[in-house]
Amino acid sequence: MRFALSPEQLDFGTSLRKLLDAGRTSAAVRAWATGDPQPGRGLIRQLAGAGALGLAIEEPHGGIGAEPIDLVVAFQEIGRAAAPGPLVETAAAIPALLQALPDTELAARWLPGFADGAALGTLAFASPAQGAVALDVDTAEVVLVADGEQLRTAHRVELVRSIDPARRLFVVEADEVVAEGDRVVGAVAAAFDAGALANAAQLLGAGRALLAAATEYAKQRKQFGKPIGEFQAVKQKLADVLIGLDLAEPLLYRAALTMGESTRSRDVSAAVVACGDAAYRAARAALQVHGAIGYTAEYDLSLWLTRVTALRSAWGTPDLHRSRIAHALREEAVRA
């Protein structure tokens with residue numbers, strides 16, 4: 001299996017990086033955290049114009065109908081920039097959910113707006129222990145709750161504090177049933193894996209941004225008359241981060257390439273665990289290299305530190321994904 005990206009995919013990623021770099025993303029993230037979504041919505045419309053939000057949406061619904069690997073390329077750049085908004089839900093999870101349902105009416109109603117950036121969607125998975133919590137309900141035009149064999153619209157009840165201020169979480173309460181039956185269960189499973197895959201790509205992109213920031217700072221900050229990047233301990237720490245990110249990348253690409261196969265859930269979980277661990281290692285190293293300034297909310301490094309911490313459990317905790325891997329491996333051993 002070949003994991004190298006094509007020249008077209010590399011060019012697509014480069015174009016998104018330039019767009020996000022030029023879009024004052026940090027300012028948009030800070031505004032989003034205070035409840036002002038306008039700069040962020042402008043950035044999201046630019047991403048939509050570049051095709052990033054329509055990759056997983058089929059052509060009849062206004063999208064591109066690209067492969068999952070293209071979605072991974074886009075979300076690595078979104079994670080690298082720490083772009084705000086329910087982008088995983090809008091561009092990955094809800095399209096997978098609606099397009100897996102037998103009735104295409106919902107997809108035809110909502111997905112064109114997602115593809116062109118006119119609308120955002122968010123999705124909650126209800127659980128007996130935690131109820132239903134969804135991201136950025138106050139800015140999303142479509143709010144859905146998946147609960148067993150039912151898919152419902154929902155409304156917000158109260159704000160829940162997140163470690164990342166730009167991830168505005170809300171407890172939601174279900175309203176109208178828009179789909180139900182056995183097919184909803186399979187569609188929800190597909191939506192969860194699509195969202196987890198895009199989230200893993202975000203984590204890998206954020207990890208690379210943190211490594212780049214730490215490396216640049218290590219070249220500038222001086223101790224004992226020379227840059228700290230010349231010290232062996234700092235070099236080794238940053239090298240370990242790079243190795244972790246590079247080893248996680250093939251698992252992410254494999255998960256994208258096997259989204260239509262029986263090993264989908266196992267491969268997605270492997271990517272989530274690897275990318276989450278690598279990004280967390282990058283966050284710890286970046287904070288240690290920066291020292292006290294890395295703790296300050298005014299310094300942009302904090303945007304990535306809090307984002308990585310939040311994303312590690314946003315689409316299932318590491319323990320959940322490790323248990324899915326173990327379960328899949330046990331089943332494969334029994335079949336063998």
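Contact check for Glu332 versus Arg266: side-chain heavy atoms found under the 4.5 Å cut-off. A heavy-atom distance below 4.5 Å is not found between the side chains of Arg168 and Thr139. Using a 4.5 Å cut-off on side-chain heavy atoms (C-beta onward), Ser265 and Arg324 make contact. You'll find the side chain of Arg41 reaches within 4.5 Å of the side chain of Trp32, heavy atoms only. Side-chain contact between Leu305 and Leu210: present, with at least one pair of heavy atoms (C-beta onward) separated by less than 4.5 Å.
Electrostatic pairing of Glu261 and Arg264 does not count as a salt bridge here, judged by no charged N lying under 4.0 Å from a carboxylate O. Using a 4.0 Å cut-off between charged side-chain N and carboxylate O, Arg156 and Asp136 make no salt bridge.
Checking side-chain atoms of Thr90 against main-chain N and O of Phe114 turns up no donor-acceptor pair under 3.5 Å. Using a distance-only test at 3.5 Å, with no hydrogens or angles considered, no donor-acceptor pair links the side chain of Arg307 to the main chain of Ala166. Proximity of a side-chain donor or acceptor of Arg183 to a complementary backbone N or O of Ala100 within less than 3.5 Å is detected. Put simply, the side chain of Thr25 gets close to the backbone of Leu20: a donor and an acceptor are under 3.5 Å apart. A donor-acceptor contact shorter than 3.5 Å is absent between the side chain of Asp175 and the backbone of Val177. The backbone N or O of Leu120 sits less than 3.5 Å from a side-chain atom of Glu141, completing a donor-acceptor pair.
Ring-plane geometry between His321 and Phe192 is classed as parallel, the angle between the planes falling under 30 degrees on a 0 to 90 degree scale with a further cut at 60.
Around the CZ atom of Arg24, the shell of radius 6.0 Å holds no more than 12 heavy atoms that belong to other residues, nucleotides or ligands. Annotation for Phe12: atom CZ counts as buried by contact number, over 12 foreign heavy atoms lying within 6.0 Å. Within a 6.0 Å radius of CZ in Arg284, other residues, nucleotides and ligands contribute 12 heavy atoms or fewer. In the displayed structure, His327 atom NE2 is contacted under 6.0 Å by at most 12 heavy atoms of other residues, nucleotides or ligands.
Cluster annotation: Leu159 is connected to Val172 through the hydrophobic network of ILVMFWY side chains, with a link wherever side-chain heavy atoms come within less than 4.5 Å.
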Name every donor-acceptor pair, under 3.5 Å, that has one atom in a side chain of residues 46-71 and the other anywhere in the protein, sequence neighbours excluded.
unit_1 : atom_1 : unit_2 : atom_2 : d
Asp70  : OD1    : Gln9   : NE2    : 3.1
Asp70  : OD2    : Glu67  : N      : 3.1

Determine whether Val88 and Phe75 satisfy the following criterion, side-chain contact (heavy atoms from CB on, under 4.5 Å), listing intermediate values before the conclusion.
CA-CA 8 Å; Val88 168; Phe75 271 93; 3.7 Å; yes
Do Glu249 and Leu204 pass the side-chain contact (heavy atoms from CB on, under 4.5 Å) test, and can you show the C-alpha distance, the side-chain angles, and the key distance before you say yes or no?
CA-CA 7 Å; Glu249 189 174 69; Leu204 188 65; 4.0 Å; yes
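In this view, Thr122 and Pro86, Glu89, Ala134, Leu135, Val137, Ala140, Val143 satisfy the side-chain contact (heavy atoms from CB on, under 4.5 Å) rule, not counting sequence neighbours.
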